[in-house]
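Heads up: numbering here begins at 1 and tracks the sequence. These numbers were taken from a predicted model, which means no experiment stands behind them. FYI, side chains are in, hydrogens and waters are out, and symmetry mates aren't considered; it's all heavy atoms of this structure.
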Amino acid sequence: MSHPLAPDWLVEPLDHDALDPAVWPARAVRGEDGEIRIGGLSTAGLLEQYGSPLYLLDLDDVLERARRLEDTLSAALAVSGRTLRIHYATKALLAADVIRALDGLGWGFDVSSFGEWEWTRRAGANPQHIEYQGNNKSLHELRAALSHGVGQIVIDSAVEVERVAAVATELGISQEVMIRVNTGVHAGTHDYLATAREDQKFGVARADIPALAAEIARHQSLRLIGLHSHIGSQIVAPDGFVEATRRVLELYRDLQVDHPLTTLNIGGGFAIPYTSADPESNVEQIVSMVGQEIDAFVTREGITLSTIACEPGRIVVGPAGITLYTVGTTKPVEVDYTTEAGSGVATRLYVSVDGGMSDNIRPALYGANYTVSLANRFATAPPALVRVVGSHCESGDIVIHDDYLPSDVTPGDVVAVAATGAYCHSLSSNYNALGRPALVVIEGGEARVAIAAETPDDVMARDLGLALGSLAAHPHSVGQETSGAERTDQA
């Protein structure tokens, strides 16, 4: 019988020491001592060496996933003489080690802020291989990108046309641009035939694309090379992807009569599983069907399409990363429940760890589910339904909404959360004045710090008021008692 507080999708594990290969990094195994090891290295040992909590990324796994994905994309999209251009979505995880590894494969990069641009460029990426996105690019951002030879600017609004053109004219260059199309297609299959304009900030409505393309053509400093589409994230079903591609192709066909278009960017958003109940990535079927749609359309309509671009992020780094925490306290909580089978009281075990929403905001932000496992030993007790929570002063500070851990999980134990390689470090914060954890990469059986942990001094360094000293050094501070003699001396 399932636990009455457990969601329907969660199944009590038969073997609590097992690591589902669909969710955990490819080199994650449980050793003879019960510890989880990645690339042959003890996670508990790494935690002791580099501090808790800790982000771990298997860089060898990242490269293997990238190569397999490139093979899949090439087989489906680089056909009929077309070229495939892959831009890694840096917002998923931005670290110089990742940039250099993927640059070594010949990949390009997708950035959407000045910080991402600078980080990627300083990591050694060729600016010509960078695609600059974003819905609110400033003149400062554009000037920096264009002056360093950025590959493409993705136009997200009519306002940006004049802005990019002005900077390109100022620099005396001709800049390649693309238009991000708001296709009206949702990532979910049930809404993919929506025809109304989306009520969201990204992209240009299809009806406005011809006029915008004509406006771009008026500027000698701009060259419109293609159209861009991105319909969302965690996409498993191919229907929405295919429908969005068809709609953009129709625009592409119509625009190519007057504009020398060459490129179609189909975006990214390929899903990864976070729990054993989630479907595995369906990228092979998605890109196969998209490729068939493109091939059939190009042949039928007789248009020229020489380059297909794509922007994977999560699918490359997400499964290759985990986060380690140290258990601080445990607390059994009795909860009233009512189900179809009846009502009663059941116990949920709250497990508090030394991180939380500052290092993984996705459960609080999106209601995201994750998988947790004891990392420092074998399970020696029956499983208990747990909610893993952080150390922040928020009731929504939840790392794991629902999963099972051994019922004897205790303070000092190390737990590992799977599939945190994407959008955990990127979205991390200093909430409650916590420092962000270190990011340690594992490559060739060796570990190194890719991004250093923040100390309390690092967190406080931006508060210039602290440089003035403590309250004790400022007797006139509110609430500080000071005698008249002291005031005279100070005067």
For L93, does its backbone N or O pair with a side-chain atom of Y88 as donor and acceptor, under 3.5 Å? yes

Is R387 reaching over with its side chain to a backbone N or O of D402, donor-acceptor style, under 3.5 angstrom? no

Check: S276/D20 side-chain N/O donor and acceptor closer than 3.5 Å: yes

If you take all heavy atoms of P406 and A379, which pair is closest and at what distance? CG-CB, 3.4 Å

Decide whether Q133 and H230 meet the rule of one side-chain donor and one side-chain acceptor closer than 3.5 Å. no

List the steps and the verdict of side-chain contact (heavy atoms from CB on, under 4.5 Å) for S373 and I36. CA-CA 9 Å; S373 184; I36 294 178; 4.2 Å; yes

Looking only at heavy atoms, the pair that brings G268 and I235 closest together is O-CD1, 4.0 Å

Between K137 and E160, is there a side-chain N and carboxylate O pair less than 4.0 Å apart? yes

Side chain to side chain contact (heavy atoms under 4.5 Å, CB included) partner of V248, the single match among N265, I179, L227: L227

Kindly state each residue pair satisfying ring pair (Phe, Tyr, Trp, His ring centres under 6.0 Å) with at least one member in residues 403-432, sequence neighbours excluded. Y55-H425, H392-Y431

How long is the straight-line distance from CG of L47 back to CG of N376, given to the nearest 0.5 Å? 9.5 Å

Just how far is it from atom CG of L56 to atom CD1 of I38, taken to the nearest 0.5 Å? 5.5 Å

Reported OG1-to-CZ distance for the pair T420 and R362, which is rounded to 0.5 angstrom: 10.5 Å

Derivation and outcome, side-chain hydrogen bond (donor to acceptor under 3.5 Å, both in side chains), residues E116 and T120: CA-CA 6 Å; E116 289 179 353; T120 301; over 6 Å; no

Nearest 0.5 Å, please: how far is CZ in R448 from CD1 in I442? 10.5 Å

Fit a plane to each ring of F114 and H140, take the angle between them on a 0 to 90° scale, and name the class: parallel (under 30°), tilted (30 to 60°) or perpendicular (over 60°). tilted

Out of curiosity, R436 CZ to D458 CG, how far, rounded to the nearest 0.5 Å? 9.5 Å

Do you see a donor-acceptor pair shorter than 3.5 Å between the side chains of E284 and S288? no

For A416 and I322, which heavy atoms make the closest approach, and how far apart are they? CB-CD1, 4.2 Å

Can you name the closest pair of heavy atoms from P53 and G355 and give their distance? CG-CA, 4.1 Å

Basic-acidic side-chain contact under 4.0 Å: D71, R67: no

Can you tell me how far CD of E131 sits from CE of M178, rounded to the nearest 0.5 angstrom? 6.5 Å

I'd like to know if R121 pairs up with E118 as an ion pair, taking the criterion as any Lys NZ or Arg NE/NH1/NH2 lying under 4.0 Å from an Asp or Glu carboxylate oxygen. yes

Minimal non-hydrogen separation, W117 against H148, with atom names: CZ2-CB, 3.6 Å

Is there a side-chain contact between V290 and I308 in this structure, where contact means two heavy atoms from C-beta onward sitting under 4.5 Å apart? no

Are the side chain of D110 and the backbone N or O of A89 linked by a donor-acceptor pair below 3.5 Å? no

Taking the side chain from R314 and the backbone from A92, do they hold a donor-acceptor pair closer than 3.5 Å? no

Quick one: does any side-chain atom of N432 pair with a main-chain N or O of C393 as donor and acceptor, under 3.5 Å? yes

So that I can tick it off, tell me whether R377 and D408 are bridged by a salt bridge, with the cut-off set at under 4.0 angstrom between side-chain N and carboxylate O. yes

Anything under 3.5 Å between a donor and an acceptor, one on a side chain of residues 324-331, the other on a protein residue two or more places apart or in another chain? List them.
| from | atom 1 | to | atom 2 | distance (Å) |
| --- | --- | --- | --- | --- |
| Y325 | OH | D359 | OD1 | 2.4 |
| T326 | OG1 | S52 | OG | 2.9 |
| T329 | OG1 | S352 | OG | 3.3 |

